[in-house]
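Proteins come first, then strands; the chains are lettered A, B, ... in the order of their sequence lines, and each starts at number 1.
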Amino acid sequence: MPDFEATEHEALEPEAVEPDESRSTVVPRSFFDRPVLEVAPDLLGRVLVHEAADGRVAMRLTEVEAYDGPNDPGSHAYRGLSKRNATMFGPPGHVYVYFTYGMHYCMNLVCGPPKVPTGILLRGAAVIDGMDLARKRRHTAKNDNDLARGPARLVEALGVGRADDGADVCGDGPLQLLYGTPPAADRIRTGPRVGLREAADFPWRFWIDADRTVSTYRPHAPKRRTG
DNA sequence: GGCACGATCGGCT
DNA sequence: GCCGATCGTGCCC
């Protein structure tokens, strides 16, 4: 378990994290074989690595969204098995990659037991290794915080595509999830998911407070005033 | 076989 | 803050 400390921090300062991969052990499959709402916040601070033909990029996860399959009207798997979402019905610890808006890819990490289609959308990360390659892949990014800020940007910076659908992140393959350095418990925030018409009210989005690589897109829901 | 729209992004106002 | 790009997928006929 992570050594969470309830220490005080400077609320407006981003968490200081060294690009340190000392905790570079690949997570076991059992990490994903838990309820999706338990895995999702535990993904924050973990490190996703991709070794491609053109080089290696590693990134620390800062924002995720949980999708609870058959119980979740916002999930791609809500209406059952299809050719596109088949990976979500498979074993945990694999990636579900899909194409959307005619031009973007996004990726999920599959959780839970086989046949229970839950997934966690990766929405934001900080590139900690392979910065130059990530900048090349994301040449339109205005600054390094934008390299993997947003689900389609994250996938592009990582060099992942349709061919990676189904890849295992718990083994020796080109995609691996490392333990990394989780944030302190009081740094984890939760709120509604982004861009959904259905089930927009479920607070199943998790992110690291004050992190500049967390995406801040408008919700699909109509404008509302808080308070 | 046809059609409406999406777990988005980047550029422009 | 708003809008267009661009096409696979699901759903209906």
Side-chain angles (χ1 to χ4, degrees), chain A residues 32 36-37 39-41 43-44 48 59 61-90 94-112 116-127 134-167 169 189-207 212-226:
Chain A
F32 293 102
V36 66
L37 290 178
V39 179
L43 279 174
L44 298 175
L48 188 59
M59 55 178 66
L61 300 177
T62 59
E63 183 191 3
V64 301
E65 276 180 4
Y67 287 85
D68 191 14
N71 309 314
D72 179 2
S75 169
H76 285 177
Y78 183 57
R79 292 186 169 80
L81 176 68
S82 71
K83 187 172 182 183
R84 175 173 69 154
N85 67 24
T87 301
M88 272 211 280
F89 289 79
H94 293 248
V95 296
Y96 164 48
V97 180
Y98 69 91
F99 184 67
T100 191
Y101 287 100
M103 60 190 88
H104 300 301
Y105 290 95
C106 297
M107 71 187 291
N108 288 239
L109 292 172
V110 177
C111 294
V116 180
T118 59
I120 300 170
L121 175 68
L122 307 183
R123 291 197 56 91
V127 175
R135 286 176 183 142
K136 183 180 170 189
R137 288 172 175 162
R138 290 268 305 117
H139 56 88
T140 58
K142 292 185 179 67
N143 60 67
D144 288 345
N145 287 330
D146 284 347
L147 290 174
R149 184 179 193 254
R153 294 166 170 178
L154 185 155
V155 163
E156 189 169 9
L158 200 57
V160 159
R162 172 183 295 271
D164 297 292
D165 183 36
V169 301
R189 306 253 292 138
T190 183
R193 293 176 294 186
V194 175
L196 288 182
R197 190 181 53 183
E198 299 288 340
D201 51 331
F202 296 170
W204 289 352
R205 177 178 174 227
F206 301 89
W207 68 93
R212 296 195 233 270
T213 66
V214 172
S215 69
T216 52
Y217 293 137
R218 55 193 173 281
H220 190 287
K223 314 169 201 168
R224 300 182 62 186
R225 288 185 182 283
T226 58

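Taking atom OH on A/Tyr101 and atom P on B/dG6, their separation rounds to 6 Å, with Å as the unit. With rounding to whole Å, A/Met103 atom CE is found 6 Å from C/dT6 atom P. Rounded to whole Å, the distance from CD1 on A/Ile120 to C1' on B/dA7 is 14 Å. At whole-Å resolution of the value, CG in A/Asn85 and C1' in B/dG6 are 15 Å apart. Residue A/Leu154 contributes atom CG, which lies 13 Å from atom P of B/dG10 at whole-angstrom precision. Rounded to whole angstrom, the span from the CZ atom of A/Arg205 across to the P atom of B/dA7 amounts to 16 Å. When the C1' atom of C/dG8 is taken as reference, atom OH of A/Tyr105 falls 9 Å away, rounded to whole Å. The interatomic distance linking A/His104 (NE2) with C/dT9 (C1') rounds to 17 Å, in whole Å.
Comparing the P positions of B/dG2 and C/dT6 gives an interatomic distance of 22 Å, to the nearest angstrom.
Of the residues in residues 137-145 of chain A, those with a non-hydrogen atom less than 4.0 angstrom from any atom of DNA chain B are A/Arg138, A/Thr140. Interface residues of residues 75-82 of chain A facing DNA chain C, ordered by number: A/Arg79, A/Ser82; criterion, heavy-atom separation under 4.0 Å.
For A/Tyr98 against B/dA7, a side-chain-to-base donor-acceptor contact under 3.5 Å is present.
The side-chain heavy atoms of A/Phe32 and A/Val169, taken from C-beta on, include a pair separated by under 4.5 Å. At least one side-chain heavy atom of A/Trp204 sits less than 4.5 Å from a side-chain heavy atom of A/Asp72.
Proximity of A/Arg149 to the phosphate of B/dC9: no side-chain N or O atom is located under 4.0 Å from OP1 or OP2. One finds a side-chain N or O of A/Arg153 lying less than 4.0 angstrom from the OP1 or OP2 phosphate oxygen of B/dG10. Distances shown here put a side-chain N or O of A/Arg162 below 4.0 Å from the OP1 or OP2 atom of C/dT9.
For A/Ser75, there are no side chain to side chain donor-acceptor pair (under 3.5 Å) partners at least two apart in sequence or on another chain. Scanning for side chain to side chain donor-acceptor pair (under 3.5 Å) contacts around A/Asn85 gives A/Ser82, with sequence neighbours left out. Taking A/Thr87 as the reference, A/Asp165 meet the side chain to side chain donor-acceptor pair (under 3.5 Å) condition, with sequence neighbours excluded. In this structure, A/Asp164 has no salt bridge (Lys or Arg N to Asp or Glu O under 4.0 Å) partners at least two apart in sequence or on a different chain. A search for salt bridge (Lys or Arg N to Asp or Glu O under 4.0 Å) contacts involving A/Arg138 returns nothing, not counting sequence neighbours. In this view, A/Glu63 and A/Arg123, A/Arg205, A/Ser215 satisfy the side chain to side chain donor-acceptor pair (under 3.5 Å) rule, not counting sequence neighbours. Take A/Arg135 and apply the salt bridge (Lys or Arg N to Asp or Glu O under 4.0 Å) test, not counting sequence neighbours, and it matches A/Asp132, A/Asp144.
Sequence neighbours left out, not one pair with a member in residues 79-88 of chain A passes salt bridge (charged side-chain N to carboxylate O under 4.0 Å, His left out).
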Side-chain atoms of residues 94-107 of chain A: list all donor-acceptor pairs with protein atoms under 3.5 Å, sequence neighbours left out, distances to 0.1 Å.
from, atom 1, to, atom 2, distance (Å)
A/His94, ND1, A/Gly166, O, 2.8
A/Tyr96, OH, A/His76, ND1, 2.9

- Task: Map every base of DNA chain B to its dot-bracket character, where paired means a Watson-Crick or G-U wobble contact with both distances under 3.5 Å and | marks a partner outside the strand.
- Result: ||||||.|||||.
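The CG atom of A/Leu154 lies 7.0 Å from the CG atom of A/Leu48; values are rounded to the nearest 0.5 Å.
Within 4.0 Å of A/Phe99, counting heavy atoms only, lie sugar-phosphate atoms of the nucleic acid but no base atom.
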